[in-house]
Each structure stands twice: as structure tokens, then as C-alpha cells.
J.: 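Here it is, the structure in full.
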Number of protein chains: 2
Amino acid sequence: MKRKITLKEIAQELDVSVSTVSKALSGSKEISEDTTKKIQAFAKLYNYKPNNIALSLKNRKTKTIGILIPEIVHHFFSTVIRGIELVANRRGYNVIVGLSNESFTKEIINMEMLANGSIDGFILSISKETLLKQDYHHFNATINQGMPIVMFDRVVNEVDCDKVIVDDLNGSVKAVNKLIEKGCKNIALITTMDYVSVGRLRTQGYIEALEQNKIEANSNLILKIDDRLDVENHLDDLELEMEQFFKINTIDGVFAVNELYAVTAMKVAKKLGYKIPDDIQVIGFTDGVLSKHASPSLTTVSQHGQKIGEQSANLLIDRLEASNTAYDKFSSDDELETDYIKVVIETKIIERESTK
Amino acid sequence: MKRKITLKEIAQELDVSVSTVSKALSGSKEISEDTTKKIQAFAKLYNYKPNNIALSLKNRKTKTIGILIPEIVHHFFSTVIRGIELVANRRGYNVIVGLSNESFTKEIINMEMLANGSIDGFILSISKETLLKQDYHHFNATINQGMPIVMFDRVVNEVDCDKVIVDDLNGSVKAVNKLIEKGCKNIALITTMDYVSVGRLRTQGYIEALEQNKIEANSNLILKIDDRLDVENHLDDLELEMEQFFKINTIDGVFAVNELYAVTAMKVAKKLGYKIPDDIQVIGFTDGVLSKHASPSLTTVSQHGQKIGEQSANLLIDRLEASNTAYDKFSSDDELETDYIKVVIETKIIERESTK
DNA sequence: TGTTAACACGAAAACGTTTTCGCTGAGAAT
DNA sequence: ATTCTCAGCGAAAACGTTTTCGTGTTAACA
């Protein structure tokens, strides 16, 4: 077992100083060609690689991005991570992942754990509990310590930082318009409680689309699911709720704010004897595995999670590397006027079998 | 913008030495009660938190685990990550994620990037390309440098390290037995090419179960999918291949080595007019979203990905913390006899609508 | 021969910790 | 009055780098 070799050991072995080794390895012309060759050969032989931690300490930057998300077993979030990892890696950064599990406390603990030097900046999506509490002090505290944050998807006005969001409103408008265009008269909405911003926006889109088409929104046709309970493990409840909903109302179109709701709606509808898309047409949000492989496969609003991740990472790294140089130029810690960017990722409707 | 405060700054501010501050904060009784109180109050006021990087450098351990997996947008792998993160966090570790994207080269690059001090140990699952090439030198090199590795799911005998695997063979035997027990006479197997160890093992389980029941395996009933092509984006090909398969053979039971194949098989079967589970019963492997939400929902062999992650993390951290003390005790770098552990996670059949 | 410039290298500081050891002064013991 | 003990604190080393600033040697120049 040969442990990793250090500059000091190379120096001792070759009877030169540590500084000489360092310079030789970086190809400094301060060192003679002879010594340089000798040192480089030796280093290669022993597979020398500089220690990242030491570099981080010296440079006061870790080349690591912290991702903080509510949940990882989730198609959308894992797609975003993939996007982040892709550009992070390409630009020489690593990615460290923390899960808040939708909990306010875990979110804070995780942030504090990472904010003490482990990372250069955050990319995060806010947990449901935090959204409910509307307590965002930990984000602002982190930013005030000089650590940049990029928020995606679940964002909030109270925090001043770069943001990457899906065009939820527009996407929903498009989806509902599509249903109308395909002949639906009584379009139901299956959504979440309002405190989740994406749920609220998608609901708003539904209403706007109806208004655009001079259709009066009927509150009976809106089903708000309480997703504080762990839906995945209470599928029966969900189905029951929807069954009631379908029985009470006459419906020929469904817009659901995520694919689980959409797929479940289809299942329930089929069970009640409706044919899809003949009797009822369905459009979901989020283009995940479920949409693709459901039968009938689901027409859906695609969020381009990977693009969101890529954009977020680019935004963060841009700011990180800009702040280096800006820092040198002005050397003023305070208030170099920062205007933050909000990137909106366009959605796209992917038509499959659940619409005519 | 107040940057993070350091020991040195506290020391200056309070006119004591850095050592005194450090000791006071750690509650050393070497420091008088007065000074201790003063320092602790000041530190709390300025929200002092020790810098992780400096600690890592000093302690020569980062309290960070590197995860290296082929793909993250994947139910099984993300579940494993969740398990790892859970126990890592509980035991004071962070988790850094690298994606090989099934590529040999990216696997190596990622390993080298992380092996230079950024992490204390690896938890990984081998990429397909690496399995194909059968080149495992990078794993052994890493281990020889004193960095422990835990492999899960896709493991290999050529590398000596702790391993956590699913009981693929037994799981498959159970699944096929279940089909036989439910009255299936002509059971088809839909599997991958043999170089993926889990595919091979599950195939083997299929054959063993048939033998146990004195049924002769019929090679016509085995469909090997070439998954080198990106299946997700070539669903049509997949369906076509299966359609041919179903047309040629008489089949009343299907065992598929993953849920995508199983769900697709159901889709094709339904299209051909078969009723599930009346005409054909289906069992898949991996209990993911698809299994749960397919219609009919899929009976499947559950792999307990989270448990795999938890076990892997515990194994790794145990070894990390043991090696500390062992190191102190013997102070011998070389060959303290290491016997590695292989943990087998039992599978469980979850019965749903696709079997009688 | 004496001054200078270039060259090749080393010493030391710095990043932020922890820890070992040594020092100082005050009170107790002799 | 002298030695001892101990409490309370500081200096310095160490972790592995990079970088700035010397410093000594040699060759070139006046």
C-alpha cells in the first residue's frame, strides 16, 4: 500500500526544496531544464497529484458545488442533478449532494454543514416545510456570508439570488389550451395546495387559459390534493379521492400538475369505464418515466429538468468566477451592485396517446 | 457582507492567542473559566464555525464519501443514494456524487478527481463499459493507495473490497417459482446481455427455477435485449422486438429482469389482445415507480435499494473509523490482514395485479 | 578587478485548524 | 528565603500547497 506522495517527499528524495518541486511541476522557467525534467519524471513515476484539500485551503475555494434538494428519488430532481453534474464536471467542479427530505430543519443543518468551507456555492430547491413556514433566514444568512446561491424550480421572492424556473404558468396555459382545442368542454384541474409555488402557478395558468377562451372556471372542477401526507404510500386514498371527484362531476378533460396525479386520474377514469382519450383526455406536467410508459402513454408538459440543471450550474459558476476577478478589481467587500438573473426555461408539450 | 470569522480574528479581537481561543471553544479546562466564557460568547455572537477544509487538512480525513454510479435518473440508483445519504448524514459524513454515465473513461476521470484528498472512501457501482472491457485497474489502484471502496449491485470478483449485492439469483428463482405455482406452463424470460452481471445472475435463476420444477428450459423463450443502445429513446424498437417474440411463441408467463422490460411486455401483450393476468402473467425485477403505477400494476421483485445504500454506507464508514484506530494500534501501513465483507440483501416479491 | 545582471534555487509565509510543549508568575511547601 | 507546583496561557509545528522574496553563483561588462 503506497500512500499518495507529497511535494515534501519528492523534495527529500531528490534533494531539492519543496518550492523547487512545486515550480518544476508547474513548468516554471525559474527552474533549470535539467532539474525540471528530473522532478517531472519522478513525479510521474510516483503518480503525484496535488492534494485537493491543501489547494482548497490555499486558494480559499473548493471547486465544489453544493446541491440541496428535497428528494432524490424523483425523476425531475434527479434529472436536474444530471444537468448540474454535467456542466460542473465540464468546468472542473465537483458536486456534493444534500437532501432536505422536505424538512425545514434538515435543510438548515445541511446548509450549515456545507457552508463552512466545503463548497463554493449552492444550487437548491426549497423544501415544502420551509415554504409553509415562509422562513428564509438561512438562505439570506448564507448569501450574506458571501456564498452565492442559485435557486431552481421552487423559488421565492424573499431571497435575492439567481433563479432558474420553469415557465409553469405558460406551460399550463398551453396545456389547457391544447385540451380546449381538442374539443374538451369540461376540463378538470388536479393540483396541489397553494403554498407550493409551482402548484399555485400551474393553477393560475389553468384559470387564465379558461378565461382566454371565455370559459367560466368552475371551482367544483378543481381538486386540490393535500400532499403533506406521503402520497406514494397512500395511493389508495389518492385514488379514492379522485374516484369521488370523477363521480360527482362531468369531465371530458383533465389537466394534472404532475405526472403521478395524471396517471392516477387515468387509472381511476378507466376503472369507472371511461375510454381515454375518447371520453376523457388527459395532460400531465413533468415528462418522466411514468408519462412515457403509462398506457395509454401520457401527453405531458415537459420541463427539461436537465436544462434547468445546466443553466443553474452555469449561472453559479459564472458568478463564482466573476466574483474572483471583480474582487481583485474593486477589492470592496460590500455592495458591488449585484443584479440577479432569473432564467425562465420554456416548456414544451409532448403529445402522446392520452389526447386525441 | 460579513465573511466567516476565523480563530485568528477572534484572537486578535480579544487579545489572546489563537491556541487559547481554540482551547476555550473546545472547552479545555486548561483555560480559565473567565476567558472561556468571554471567548465562547464572542464566538457565538459572530457565529463562529470551524472551517471544514482546514480541519480536513489537519486531520487528513474529509468526512466525505464519494459515490460513483453509472446514472442518476434511475429509480434504483437514486434510491441507493438516498440510503447512503441517510446514514452518512446521521454519522456526520457528506456525500459527493459522480456520474460515470456508463463510460469507462468518465469513471476513471471521476475517480481520479475525487481520490486526491477530496473524499475518504468510495461507494460505487461499475459502469457497463468497464464491465465489458473487464479492466478494473483503477479500482485496485485506488484501494492500494489506502482508499477503501464499497461496491454495490454491479460488483466483480477481480476487485477485493466490501460488497453489497442483491440476491439476484434467489430473487429470480422465487419469481419464476411464483409463476409456476400460479399455473404458468410456458414462461418466457426477457433479459439483458450476459456481460451485465445482474442480467446473467437473473437469467441463471430463471433456469434453475425451471430445473427445480423439472421443466426443460427452451431457448426460444429467452429474449436477450441488447441494451448497449439507449433503450429509453428506442422504445419502438424494443416493442417491435417483443411483438415478434410474442407472435412466434406461446407464452403464458413472463419474467423480466427489470421493470421497463416488464411494463413494455405488458403493453405489447395487451396490444396483441392478451388479458393480463388472465392469459399472461408478468413479474418484473426492481420495485420502482413504473411497477407501482402501471396498469395493471406489476408484481415485482423488490431490491430494497435504500437498504443497499444504508448497508454500503455503514460498511464504508465502519471501515474508515476502524482503520483509524487500527492504524494507531499497529502503526503498520502494510497488510493488516483484511477480510472483506459481502453483504447480500434479500429480495422480496411484491404481488400486484399482473399475477393471479 | 570590481560591478552588475541573469540564473537557479531555497526559506518562509500564508490558508485555518489542533495539539504539544514551554514559559511565566503566584501561592504553597520547606 | 528558597524551592516546588500548578494554573493559565502562548509559541510553534503540522497538514500540503503556492508564491514572494531573498541569496549565492556564475558570466558578462566596464
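Order of the sequence lines sets the chain letters (A, B, ...), proteins ahead of strands, with each chain counted from 1. These numbers were taken from a predicted model, which means no experiment stands behind them.
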J.: With a 4.5 Å cut-off on side-chain heavy atoms, are I72(B) and E85(A) touching?
T.: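 When only atoms from C-beta onward are counted, I72(B) and E85(A) do not touch, as no gap falls below 4.5 Å.
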J.: Before accepting this row, confirm whether a basic side-chain N of the pair E9(A)/K4(A) lies closer than 4.0 Å to the acidic partner's carboxylate O.
T.: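 So E9(A) does not pair with K4(A) through a salt bridge.
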J.: Quickly work out the L14(A) CG to dC9(C) P distance and round it to whole Å.
T.: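 My rounded result for the distance is 12 Å.
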J.: Looking for any heavy atom pair under 4.0 Å, which part of the strands does S32(B) touch: base, sugar-phosphate only, or nothing?
T.: sugar-phosphate
J.: Between R60(B) and T35(B), which has a closest nucleotide on DNA chain D that is more 5'?
T.: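 First, find each residue's nearest nucleotide; the 5'-ward one identifies T35(B).
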J.: Hey, does the side-chain of S17(A) have a donor or acceptor N/O within less than 3.5 Å of a partner on the base of dA11(C)?
T.: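 Counting by modelled atom types and ignoring angles, no donor-acceptor contact under 3.5 Å is found here.
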J.: For R3(A) and dG16(D), give me the distance from atom CZ to atom P, rounded to whole Å.
T.: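 Interatomic distance, CZ of R3(A) to P of dG16(D): 10 Å.
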J.: Between R154(A) and E102(A), is there a side-chain N and carboxylate O pair less than 4.0 Å apart?
T.: yes
J.: In whole angstroms, how far is the C1' atom of dA5(C) from the CD atom of E30(A)?
T.: 16 Å
J.: When you check the gap from the basic side-chain N to the acidic O, do D318(A) and R91(A) get nearer than 4.0 Å?
T.: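 Answer for the salt bridge query: yes.
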J.: According to a strict under-4.0 Å criterion, is S22(A) in side-chain N/O contact with OP1 or OP2 of dT18(D)?
T.: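 Yes.
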J.: What nucleotide, of dT17(C), dT20(D), dT19(C), holds the atom closest to the side chain of K23(A)?
T.: dT20(D)
J.: Quick check on side-chain contact (heavy atoms from CB on, under 4.5 Å): which of I65(A), I84(A), D162(A) does L316(A) satisfy it with?
T.: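 Exactly one pass, corresponding to I65(A).
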J.: Using whole Å, what does the distance between atom P of nucleotide dG8(D) and atom NZ of K29(B) come to?
T.: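 Atom NZ in K29(B) sits about 10 Å away from atom P in dG8(D).
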J.: How would you label the contact of T6(A) with the nucleic acid (heavy atoms, under 4.0 Å): base, sugar-phosphate, or nothing?
T.: sugar-phosphate
J.: In this structure, how many angstroms lie between the C1' atom of dA7(D) and the CD atom of E33(B), rounded?
T.: 14 Å
J.: Grab the N/O contacts between the protein and nucleotides 25-27 of chain C below 3.5 Å, and write none if there aren't any.
T.:
none

J.: Give, ordered by number, those residues of residues 36-57 of chain A having at least one heavy-atom distance below 4.0 Å to an atom of DNA chain C; if nothing qualifies, reply none.
T.: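 Those residues whose heavy atoms fall under 4.0 Å from DNA chain C, taken from residues 36-57 of chain A in numerical order, are L57(A).
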J.: Over how many whole Å does the gap from L7(B) atom CG to dT19(C) atom C1' extend?
T.: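 So the CG-C1' distance, L7(B) to dT19(C), works out to 13 Å.
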J.: Can you find a pair of side-chain heavy atoms, one from L124(B) and one from I69(B), that are under 4.5 Å apart?
T.: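 L124(B) does not reach I69(B) side chain to side chain.
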J.: Taking NZ from K8(A) and C1' from dC15(D), how many angstroms apart are they, rounded to a whole number?
T.: 8 Å
J.: According to the interplanar angle, ranging from 0 to 90°, do the rings of F139(B) and Y136(B) count as parallel (below 30°), tilted (30 to 60°) or perpendicular (above 60°)?
T.: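 Rings of F139(B) and Y136(B): parallel, under 30°.
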J.: For H138(A), is there any backbone N or O sitting under 3.5 Å from a side-chain donor or acceptor partner on T142(A)?
T.: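 Between the backbone of H138(A) and the side chain of T142(A) there is a qualifying donor-acceptor contact (under 3.5 Å).
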J.: To the nearest 0.5 Å, what is the distance between OG (S78(A)) and CZ (R82(B))?
T.: 11.5 Å
J.: Starting at atom CD of Q12(B), determine the distance to atom C1' of dG10(D), rounded to an integer number of angstrom.
T.: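 Distance, rounded to whole Å: 15 Å.
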